[in-house]
Amino acid sequence: GSAGGCVSACRVAKRQMSAPARNRKSNVVVPNTLRWHGALAASVAHSVTRLFDSTWRLELENASDTLAAIGNRQVIFSLWHNRLLLAPPSYRKFFLACQPHRRLAALVSASKDGAILARVMEYHGIQPVLGSSSRRGAQALRELNSWAKRGYDFAITPDGPRGPRYEVQPGAVMLAQITGLPIVPASATVGWKKEFSSWDAFKLPLPFSRSQIRIGEMVHVSRGADEIEREAARRTLQERMDALTED
């Protein structure tokens, strides 16, 4: 929120600009709080992305079998970090349009940038859960499980928040085991785009860009899976994500 007065503003800024705080009594990591300029940035980002995505041409490629397998069931969508912008319009077009009861939660980094992204997600009607392998990982998994019990689908970037790019980390498999939900590997070819020099080579589809959305065969993880079975599921997800991905 906005600060009142120079002294109080400085004090609030120092608290909010620090790394996620750790409650000394409970040892619980608190996500970064969004300051006024972060809220403004989120509002602008939402307006720009909605303007852009209203012009994007999204096509779902050869997905009839997977769509039939998904049906009305809850799922975990797994998509690479650099294609994150395509998630909200794709979910609206290919799932909400025919199943308006569906709801989506997404795992977002508990960093300052993550706080901005979380607000953008909220504008898109997506429930953000702040956490990652490096910050609030266990807490985030518990929170995600609580949203699963409320009927939410999930979107997770298996190579986020810091990479390596296109390498599936264990988080998606752990979430599938905890919730009992299958993982739907997803990727996209992005036509006309701006590609940033970030660790993930983040892709911003430009206005009127055409993207082919690809979803693959689901990956199932049993609730009683051991370490060997989880690693086998992770490798399977990696192989299916790789098969869908073309830069």
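- Judged by distance alone, the side chains of Q99 and R102 do bring a donor and an acceptor atom under 3.5 Å apart.
- A donor-acceptor contact under 3.5 angstrom links the side chains of T245 and W80, judged on distance only.
- Checked by atom type and distance alone, the side chain of Q74 pairs as donor or acceptor with a backbone atom of Y152 at under 3.5 Å.
- Distance alone, capped at 3.5 Å, is enough to place a donor-acceptor pair between the S54 side chain and the L51 backbone.
- Looking at heavy atoms from C-beta onward, L86 lies in side-chain contact with S211 at the 4.5 angstrom threshold.
- There is a side-chain donor-acceptor pair under 3.5 Å between Y91 and D153.
- Open room surrounds CG on D65; 12 or fewer heavy atoms of other groups in view lie less than 6.0 Å from it.
- Residues satisfying the ring-ring contact (aromatic ring centres under 6.0 Å, His included) test with W192, not counting sequence neighbours, are none.
- In this structure a side-chain-to-backbone donor-acceptor pair under 3.5 Å is missing from K194 to K203.
- When the shell of 6.0 Å around CE of M218 is examined, it contains more than 12 heavy atoms from other residues, nucleotides or ligands.
- Looking at D159, its side chain does come within 3.5 Å of a backbone N or O of Y166 through a donor-acceptor pair.
- Sorted by first and then second residue, the pairs that involve residues 45-69 and meet ring pair (Phe, Tyr, Trp, His ring centres under 6.0 Å), not counting sequence neighbours, are H46-Y123, H46-H124.
- Every pair passing ring pair (Phe, Tyr, Trp, His ring centres under 6.0 Å) that includes a residue from residues 199-218 is listed here, sequence neighbours excluded: H81-W199.
- Of the possible polar contacts, one joining the Q177 side chain to the R223 backbone as a donor-acceptor pair under 3.5 Å is found.
- The environment of D226 atom CG is dense: over 12 non-hydrogen atoms of other residues, nucleotides or ligands sit within 6.0 angstrom.
- Looking at R103, its side chain does come within 3.5 Å of a backbone N or O of R150 through a donor-acceptor pair.
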